[in-house]
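Working notes, structure below.
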Amino acid sequence: MRTLTHSVAGSTVGIHIPERRDDLDRFRAFLAQGDKVLAFDTETTGLDVYTPEHRLRLAQFGNSREAWVLRADAFGEEIAAALRQPRPYTMHNAQYDLLVVDRHLGVRLEDLGPRTYDTRVLAHLLDPRAPQEGGIGLALKPLSAVYVDPDAPDTQEGLTTEFRRLGLTKATGWAGIPIDNELYTRYAGLDVIFAHRLFRVLGPMVREIGLDHLSKFEHHLQILLAILQRRGFRLDVPYVETLRTDLLADAEAYKRVAGRYGVTNVNSTTQVAAALAAMGEALTERTASGATKVDKGVLLPLADLSLGWERLDVRAPNLLADAVLRSKRAEKWATAYASAFLDLKDADDRLHPSIGALQARTARMSISRPPLQQLPSSDWTIRRAFVADPGHTIIAADYQAVEMRVLAALADVPRMKEAIANGEDLHAFTARLIEGDGFTKRHRKLYKGVGFGKVYGGGAVTLARQTGADLDAVKRAIAAYDRVYPEIKRYSRRLMERAEFGRREVVTPSGRHLPLDRDRLYAATNYVVQSTARDLLAQAIADIFAAGLGDHLLLPVHDELIAQAPTADAEEVIREIGRAMESTFFGVRIESDPDVYGPSWGHGYGCAEKKGRCVVRESHPRKWGVRHD
DNA sequence: ACGATCACG
DNA sequence: ACGTACGTGATCGTG
């Protein structure tokens, strides 16, 4: 047995590394010594748990004074047996470690998850801000430095340096560092000691501010999302391989066109700007740091294309701008999507993206590796890569204008609430209210934009820029909006006043405290609305599992749920899921739209199958679905 | 490491 | 008094 010592917050701690089976007697004695909650952590070869090469290397157990670092290759059974003992554990970022031991040791998520406390969840409830936003962040090191010991070592940073010393990189280090490397072992042990100490500080803090109930819900939700992550989403591999090849060929062809204008790298904004200027194009927009702006918004008009990439016929298209746009898009789709899908799939051709339950400041959920909440929606080609299991059909249900409804409920806007109760199209209702029965589609679009401005806290200038509408017209529209819905402005002002004179935060109906930036108090309304909409979807996920429908779920996407069901039951299942999503919030109905997509996710975006291949439908509604009362 | 860009709700 | 667009993840170029 090797033992290392270290100083933590002024006292000496021990890190024990069993080497032979005999050493385990002392480990068992440690487990039996009566700590109420033990800390647990793992070291693995990488973050992608379901890729074929992923391995568990070390498993660490600890309390505030000692850590036990066990090699998974030698003591896997012992680690699993310890975790199966019915006692509570604390982990930092439990979702990851729970999936690791579920996959590699057969310790079920459903068994260990419900008796796990996650210090990352506690930290998010106390302050969700990233370091860049003036918060502590949610990583173990900065949290330990604030709450445990200002001299807490940055174990991630320290290991990166060690990787480099050994000729390894951040990418190869986690798998390649010798398993008995002293720094690696020491930091592995320290991580659980810090996690345990952190739990003993954060647990009581969360209790003190009355967030135990929310904490319990978030821990539960995190397990449900981990179940979705474990389930994964089936990938149509031959389709993705062809798609990737086609996209890369496209990108190459357009790069060659750009090359004819002297642009050797279409991703270099400096090169593109210089070449366009040399062609006589006037480039007037600048980025925040003063560089010439050549983004999509600048290039599309030069290429005589609308935001939807259709010919405008207002000028001769600049062929360089056109080529840059097309090659960048093709390359982005090929690398960020198609290639990423292939790199991350498991042995059964499934993708298991990380689904973060408490990610943004507003607690919105996020999906990464790969980013499945950000797939192109204007076109079905990327989403077509994801297919239902054999005999199943992809289904989905989304909330109808959930953020506007939440705003109507929270700000208590009588006219809006009535329109929602009567099943009216909210933006058309507003247009009629202001413009009379002769309102046009343009009016509806304008007031829809104003509504978004209210939700985001935007002003006339931004709105005019976003919609392309005339600034004076937008100013008049905002004034009219405030006249018919004065409660919204009043509500926003009240939130800002409270934040200005009380604590600089807003509190959501679920009890979540959201800190505000000093110079961006206007974001208060958006934070409450966005966070509340997230809480509604989170509650829906919990309700769907409670109703026994959890097996169908695949992904949450902000205001919708993607799921699958045996084809014969698809309509019925999505109706039930849709019903479970619905609720009454402060007297406002929160309603959902259930949809049956088809064999793939892309079938909800206009892909229609013909002889096994997708063809573009002549005119496709974004979705076609089953109506439900 | 950071800014610019682009994908989503 | 006025006005402030919100939240993410990923890649690439630049220094």
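The figures here come from the full heavy-atom set of this structure, side chains too, leaving out hydrogens, waters and symmetry mates. Chain A is the first sequence line, chain B the second, and so forth, proteins listed ahead of strands; every chain is numbered from 1.
Among the atoms of the strands shown, only primed sugar atoms or phosphate atoms (P, OP1, OP2) are found under 4.0 Å from some heavy atom of A/L375. Using a 4.0 Å heavy-atom cutoff across all strands shown, A/V455 reaches no nucleic acid atom at all. Residue contacts shown for A/Q359 are limited to sugar-phosphate atoms, with no base heavy atom under 4.0 Å away. Counting non-hydrogen atoms under 4.0 angstrom, A/R361 reaches the backbone sugars and phosphates but no base. At a threshold of 4.0 angstrom between heavy atoms, the contacts of A/A460 are confined to the sugar-phosphate backbone, with no base atom among them. At a threshold of 4.0 angstrom between heavy atoms, the contacts of A/V529 with the nucleic acid are absent. Residue contacts for A/G453: at a heavy-atom cut-off of 4.0 Å it reaches a base atom on one of the strands shown. Counting any heavy atom pair closer than 4.0 Å across all strands shown, A/L521 reaches no nucleic acid atom. Counting non-hydrogen atoms under 4.0 angstrom, A/Y337 reaches the backbone sugars and phosphates but no base. Within the nucleic acid shown, A/R369 comes within 4.0 Å of sugar-phosphate atoms alone, with no base atom in reach, counting heavy atoms only. Within 4.0 Å of A/T270, counting heavy atoms only, lie sugar-phosphate atoms of the nucleic acid but no base atom.
For the pair A/N267 and A/L463, both in contact range of DNA chain C, the more 5′-proximal nearest nucleotide belongs to A/L463.
Each of C/dT4, C/dT8, B/dA7 was ranked by its minimum atom distance to the side chain of A/S366; first place goes to C/dT8. Distance from the side chain of A/D295 is smallest for B/dC6 among the nucleotides C/dC6, C/dG9, B/dC6. Among the nucleotides C/dA5, B/dC8, C/dG13, the one closest to the side chain of A/S377 is B/dC8. If you check B/dC8, C/dG9, C/dA5 against the side chain of A/P376, the one that comes closest is B/dC8. The side chain of A/K332 approaches C/dA10 more closely than any other nucleotide in the set C/dA10, C/dA5, B/dC8. Checked against C/dG13, C/dG7, B/dT5, the side chain of A/A360 finds its nearest nucleotide in C/dG7.
For A/R129 and C/dG7, the shortest distance from a side-chain N or O to OP1 or OP2 is not below 4.0 Å. The phosphate of C/dG13 (OP1 or OP2) has no side-chain N or O of A/Q271 nearer than 4.0 angstrom. OP1 and OP2 of C/dT11 both lie 4.0 Å or more from every side-chain N or O belonging to A/T335. The phosphate of C/dA5 (OP1 or OP2) has a side-chain N or O of A/T462 nearer than 4.0 angstrom. Taking side-chain N and O atoms only, A/N526 has no distance below 4.0 Å to OP1 or OP2 of C/dA5. The side chain of A/Y522 places an N or O atom within less than 4.0 Å of a non-bridging phosphate oxygen (OP1 or OP2) of C/dC6. For C/dT14, one of the phosphate oxygens OP1 or OP2 lies less than 4.0 angstrom from a side-chain nitrogen or oxygen of A/S268. Close to C/dC6, at under 4.0 Å from its OP1 or OP2, lies no side-chain N or O of A/T362.
Residue A/M496 contributes atom CE, which lies 13 Å from atom P of C/dA5 at whole-angstrom precision. The CG atom of A/L283 sits 16 Å away from the C1' atom of B/dT5 (whole-angstrom rounding). The distance from atom CG of A/D398 to atom P of B/dG9 is 10 Å, rounded to the nearest whole Å. Rounded to an integer number of Å, the gap from CG of A/L514 to P of C/dT8 is 11 Å. Put simply, CG on A/L372 is 11 Å from C1' on C/dG9, counting in whole angstrom units. In this structure, the CZ atom of A/R512 is 15 Å from the P atom of C/dG7, given to the nearest Å. Atom pair A/I478:CD1 and C/dC2:P shows a separation of 13 Å (rounding to whole Å applied). Taking atom OH on A/Y605 and atom P on B/dA7, their separation rounds to 15 Å, with Å as the unit.
A donor and an acceptor atom, one from each side chain of A/T242 and A/T245, are nowhere located under 3.5 Å apart. A/N267 and A/E331 share a donor-acceptor pair across their side chains, judged by distance under 3.5 Å alone.
Atom CZ of A/R518 sits in a sparse spot, with 12 or fewer heavy atoms from other residues, nucleotides or ligands closer than 6.0 Å. Summarising the local packing, NZ of A/K448 is surrounded by 12 or fewer heavy atoms from other residues, nucleotides or ligands at distances under 6.0 Å.
Side-chain to base pairing of A/K296 with B/dC6: no donor and acceptor N or O lie closer than 3.5 Å to each other. No hydrogens or angles were tested; on distance alone, nothing pairs the side chain of A/E331 with the base of C/dT11 as donor and acceptor under 3.5 Å. Evaluation of atom-type donor-acceptor distances gives a pair under 3.5 Å for the side chain of A/R364 against the base of B/dG9.
When each of A/D482, A/V529, A/N526, A/T525 is checked for a side chain to side chain contact (heavy atoms under 4.5 Å, CB included) with A/K454, only A/D482 meets the rule.
Atoms NE2 and OG1, from A/H54 and A/T45 in turn, are 4.5 Å apart once rounded to the nearest 0.5 Å.
When all heavy atoms of A/A523 and A/L516 are compared, the closest pair comes out as C-CD2, 4.3 Å. Closest of all the heavy-atom pairs between A/L224 and A/A542 is CD1-CA, 3.7 Å.
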Secondary structure of DNA chain C per the Watson-Crick/G-U criterion (both distances under 3.5 Å; [ ] crossing, | other strand, . unpaired) is .....|||||||||.
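Relative ring orientation between A/H443 and A/Y447 is described as parallel, the plane-to-plane angle staying below 30° on a 0-90° scale split at 30° and 60°.
With A/R234 contributing its side chain and A/A388 its backbone, the two residues share a donor-acceptor pair below 3.5 Å.
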